[in-house]
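Following: one structure in structure tokens, then a few remarks.
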Amino acid sequence: MVKTKIQKIYIIFLLLFFVVLILLTFFGDKVYYALHTEVESYKVGGVYSFNEEEYYRLPVSSISYENGSAFVYVIVTTEGFSMKLYNIEKREVLFSTPPDIDIPETYTYASTGVRPSESIVKVSGDNLTDGQRVVIKK
């Protein structure tokens with residue numbers, strides 16, 4: 001049986017395709033993690049209520065400033081085929097200092113922009129953008 005040059009190329013292409021498919025099956029998650037920005041998350045907590053107003057404790061490192069406004073990146077979780085996917089959403093926050101509370105210098109309080117039990121990016125940076133897909137640091 002004589003194989004033509006096109007048949008040989010076709011067989012080589014199919015073999016390479018299946019090898020890549022098998023490699024992605026076993027190592028696809030590692031490729032995914034290598035291609036996306038890794039961030040550390042912080043669960044919003046430390047809710048302080050005073051005169052019907054709530055204040056939420058945030059790390060100072062999570063806050064970025066742009067055009068005179070302060071904002072944080074909130075982590076939004078969606079379900080993928082075989083894993084959870086995380087995108088970040090840029091939200092403006094307003095700071096307020098709760099009365100009669102001693103605040104460590106590494107934290108601040110926000111009165112709007114975040115809710116309890118939401119996760120935010122703990123250390124904000126210039127490499128983050130609204131809607132960007134990220135990987136949570138383990």
Val114 and Val72: which non-hydrogen atoms are nearest, and at how many Å? CG1-CG2, 3.8 Å
Counting only heavy atoms from other residues, nucleotides and ligands, does the tally under 6.0 Å from CG of Leu16 exceed 12? yes
Does some side-chain heavy atom of Glu89 sit less than 4.5 Å from a side-chain heavy atom of Val76? yes
Are Phe95 and Val74 connected in the hydrophobic side-chain network, where two residues link if heavy atoms are under 4.5 Å apart? yes
CD1/Ile63 to OG/Ser69 distance, rounded to the nearest 0.5 angstrom? 13.0 Å
What about Val19 and Phe27, same hydrophobic cluster or not, with Ile/Leu/Val/Met/Phe/Trp/Tyr joined at side-chain heavy-atom distances under 4.5 Å? yes
What are the two closest heavy atoms between Tyr73 and Ile88, and how far apart are they? CD2-CD1, 3.8 Å
From NZ (Lys122) to CD1 (Ile75), nearest 0.5 Å: 11.5 Å
Hey, could you give me each pair passing side-chain hydrogen bond (donor to acceptor under 3.5 Å, both in side chains) that has a residue in residues 103-113? Not counting sequence neighbours. Ser96-Ser111
If hydrophobic clusters are built from ILVMFWY residues whose side chains come within less than 4.5 Å, do Tyr10 and Leu21 share one? yes
Is there any salt bridge (Lys or Arg N to Asp or Glu O under 4.0 Å) pair reaching into residues 46-60, and which pairs are they, with sequence neighbours excluded? none
Acceptor/donor pairs from residues 38-45 side chains to any protein atom, 3.5 angstrom cut, sequence neighbours excluded:
from  : atom 1 : to     : atom 2 : distance (Å)
Lys43 : NZ     : Ser117 : O      : 3.4

Would you please name every residue forming a salt bridge (Lys or Arg N to Asp or Glu O under 4.0 Å) with Glu66, sequence neighbours left out? Lys90
Nearest 0.5 Å please: distance from the CD1 atom of Ile6 over to the CZ atom of Phe13. 14.5 Å
Only one of Asn87, Asn127, Thr37 passes side chain to side chain donor-acceptor pair (under 3.5 Å) with Gln132; say which it is. Thr37
Any link between Val47 and Val93 through a network of hydrophobic side chains (Ile, Leu, Val, Met, Phe, Trp, Tyr) touching at under 4.5 Å? yes
So if you build clusters from Ile, Leu, Val, Met, Phe, Trp, Tyr with side-chain heavy-atom gaps below 4.5 Å, do Leu58 and Tyr65 land together? yes
By the salt bridge (Lys or Arg N to Asp or Glu O under 4.0 Å) test, which pairs, at least two apart or in different chains, include something from residues 11-20? none
Contact between Tyr32 and Arg133 at the side-chain level, heavy atoms closer than 4.5 Å - yes or no? yes
Nearest 0.5 angstrom please: Phe71 CZ to Asp130 CG, how far? 9.0 Å
Which salt bridge (Lys or Arg N to Asp or Glu O under 4.0 Å) pairs, counting each pair once, include a residue from residues 112-121, with sequence neighbours left out? Arg91-Glu118, Arg115-Glu118
